[in-house]
Amino acid sequence: MEIEDILKVENLCCKYQAENGEVEALKNIGFSIKKGEIVGIIGPSGCGKSTLLSIIAGLEKKTSGSVIVAGQEVSGVNSAVGYMMQNDNLLEWRNIYRNVLLGLEIRKECTEENREYAKRLLEEYGLGEFCDKYPSQLSGGMRQRVALIRTLATRPEILLLDEAFSALDYQTRLKVSQDVWEILKREGVTAVMVTHDIPEAISLSDRVMVLTPRPARIKNIHTVDMTEPPMKRRNDSRFSGYFNLLWEEIN
Amino acid sequence: MNGISRERAEYLKEKRRQKNTITLLRIGILAVLLVLWEFFSNIGVIDDFVMSSPSRILKTLFNVGNNNLFTHIGITCLETLAGFLLGSGIGICVAIVLWWNKTVYLVSEPYLVVLNSLPKIALGPVIIIWVGAGQQAIIVMALAISLVVTVLEVLNGYAATDRKKIRMAKSFGADKKTIFTKIVFPSNLTTIFNSLKISIGLSLVGVIAGEFLVSKGGLGYLIVYGGQVFKMDLVMASVFVLALMALLMYKGVVFAEKIILGILSPGK
């Protein structure tokens, strides 16, 4: 059953040095995530949620402990992990299609087959006709979907979403998170999602992990007993129950 | 006019009228100044031996056969282009090195600041002794003047590249070279062209200063020569040509920017 765990974090600690002292960001974090699961991480602001994702993505160094993605210890950026940020970071001098190919180009995996796959994703998720357009011609929600496809095109085993929707306005955000949830479920992508938005965490995740203030430890992990799409979940009678529970824990 | 509302048509007309007024005023001011200059020197209020006059400048300009004006223009033009291309090329490359290696940058920073503030013309005699009193000295002077500014300007641009875009590239495993070619350089095309616009003007300054010091040809030489033999018509005509040349070179860079950005950065 070990193989089922796409991501396994054990005893993870992280301290980093700043000019005015040492900051202990994470303390003894341990959890594991199964294939196809979407896990939300919430916690008080500045608690180290993003640091945790950066370490899993290989962008920052851990102090001790272990992070295993798809059976391999993380020791730098690796192709099993896809990472998405708050900003879409599309390059305005490239058209949409070439933006989507950027990740593949950087990884030197820009094969015919992968290009076809990227194109298929664009078409499947309603962006096919925008291939030749430039980012400035797209709405915020569309841009964020392009950014997601740019990451998915590299076929990551696990997707990390770092406040990926928080730069969008509220309506777009609801719509994009619905779209993204559908894409993730359909493509069977495993995802870890950091957010400060409790309803967003409940509506998208299979499990929600609550972190304590810095240094962050795991306070609790809740299983969200709902399987319907995000917008439906928000109308579910259990929704407010989860909200109150998480709200209590986070404060 | 179908499909345009009356208000829209009026708005466009007003815009056009404003633009025409500005153009007219720009040309008008020059015309009035020239006419006044000519008029006052004709009635003897100003001495056209000292001040020259538009008609005398024109006569000098048309008398190209006698004073080899075109040869001099060609010399200055080539020297400026050589200094400009060398200064900008080396400057952009040095900026890459400094961006690449932070230690090198931090160590060289105070030197760059001093070199930037130092009037490069003060190096004139040194340059002449080092590279010889000829065109090479003039080109080195133009290079010296445009180089440091280009380095600082372009490096600032590189350093100000959107951190989040670099992080995005890193998340795909990009190494430093890939980050530079795919993110930093394309992000800074506008910055680079802005520095080229500054450096073409500075190169011209360097060339004229160099020609004052050493040359036997070029517009700078003509100006110095004209001054020494008190031919103010020649001095004024050279300055006039120089102004025109500066404008054309600047416009050349703007044109190149338009073409190159159109190819490399079509989304903007």
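Every chain is numbered from 1 and lettered A, B, ... according to where its sequence line falls, protein lines coming before strand lines. Here the structure is a predicted model, which means the values were calculated and not measured.
- Counting heavy-atom neighbours within 6.0 Å of B/Ile90 CD1, excluding the residue itself, gives a total above 12.
- Residue A/Gln72 qualifies as open at atom CD: its count of foreign heavy atoms under 6.0 Å is 12 or below.
- Proximity to chain A is absent for every atom of B/Ile179, based on heavy atoms less than 4.5 angstrom apart.
- Contact check for B/Lys182 versus A/Arg94: side-chain heavy atoms found under the 4.5 Å cut-off.
- Surrounding NZ of B/Lys176 are more than 12 heavy atoms belonging to other residues, nucleotides or ligands, all under 6.0 Å away.
- Residues B/Met168 and A/Leu102 meet the side-chain proximity criterion, which asks for heavy atoms closer than 4.5 Å.
- Contacts with chain B (heavy atom to heavy atom, under 4.5 Å) involve these residues of residues 55-63 of chain A, listed by number: A/Leu59, A/Glu60.
- Near-neighbour residues of residues 150-178 of chain A relative to chain B, defined by a heavy atom under 4.5 Å from a heavy atom of that chain, comprise A/Arg150, A/Thr151, A/Thr154.
- Taking the side chain as every heavy atom from C-beta outward, A/Tyr83 and B/Lys170 never approach each other to under 4.5 Å.
- In this structure, A/Glu113 places its CD atom where only 12 or fewer heavy-atom neighbours from other residues, nucleotides or ligands lie under 6.0 Å away.
- More than 12 heavy-atom neighbours from other residues, nucleotides or ligands sit within 6.0 angstrom of NZ on B/Lys197.
- Taking 4.5 Å as the limit, some side-chain heavy atom of B/Ser187 sits within range of a side-chain heavy atom of A/Trp93.
- Here the straight-line distance linking atom CE of A/Met84 with atom OG of B/Ser171 works out to 10.5 Å at 0.5 Å rounding.
- When side chains are defined from C-beta on, B/Asp162 counts as touching A/Asn89, because their heavy atoms get closer than 4.5 Å.
- The local environment of CH2 in B/Trp130 is sparse, with at most 12 non-hydrogen atoms from other residues, nucleotides or ligands closer than 6.0 Å.
- Under a cut-off of 6.0 angstrom, the local environment of CZ in B/Phe240 is sparse, with at most 12 non-hydrogen atoms contributed by other residues, nucleotides or ligands.
- The 12-atom threshold is exceeded at OH of A/Tyr97, counting heavy atoms of other residues, nucleotides or ligands nearer than 6.0 Å.
- Pairing each heavy atom of A/Ser54 with each of B/Arg167, the nearest pair is OG-NH2, 2.7 Å.
- Residue with the most contacts toward chain B among A/Glu105, A/Gln137, A/Lys108: A/Glu105 (heavy-atom pairs, distance under 4.5 Å).
- The distance from the CG atom of A/Asn87 to the CZ atom of B/Arg163 is 14.0 Å, given to the nearest 0.5 Å.
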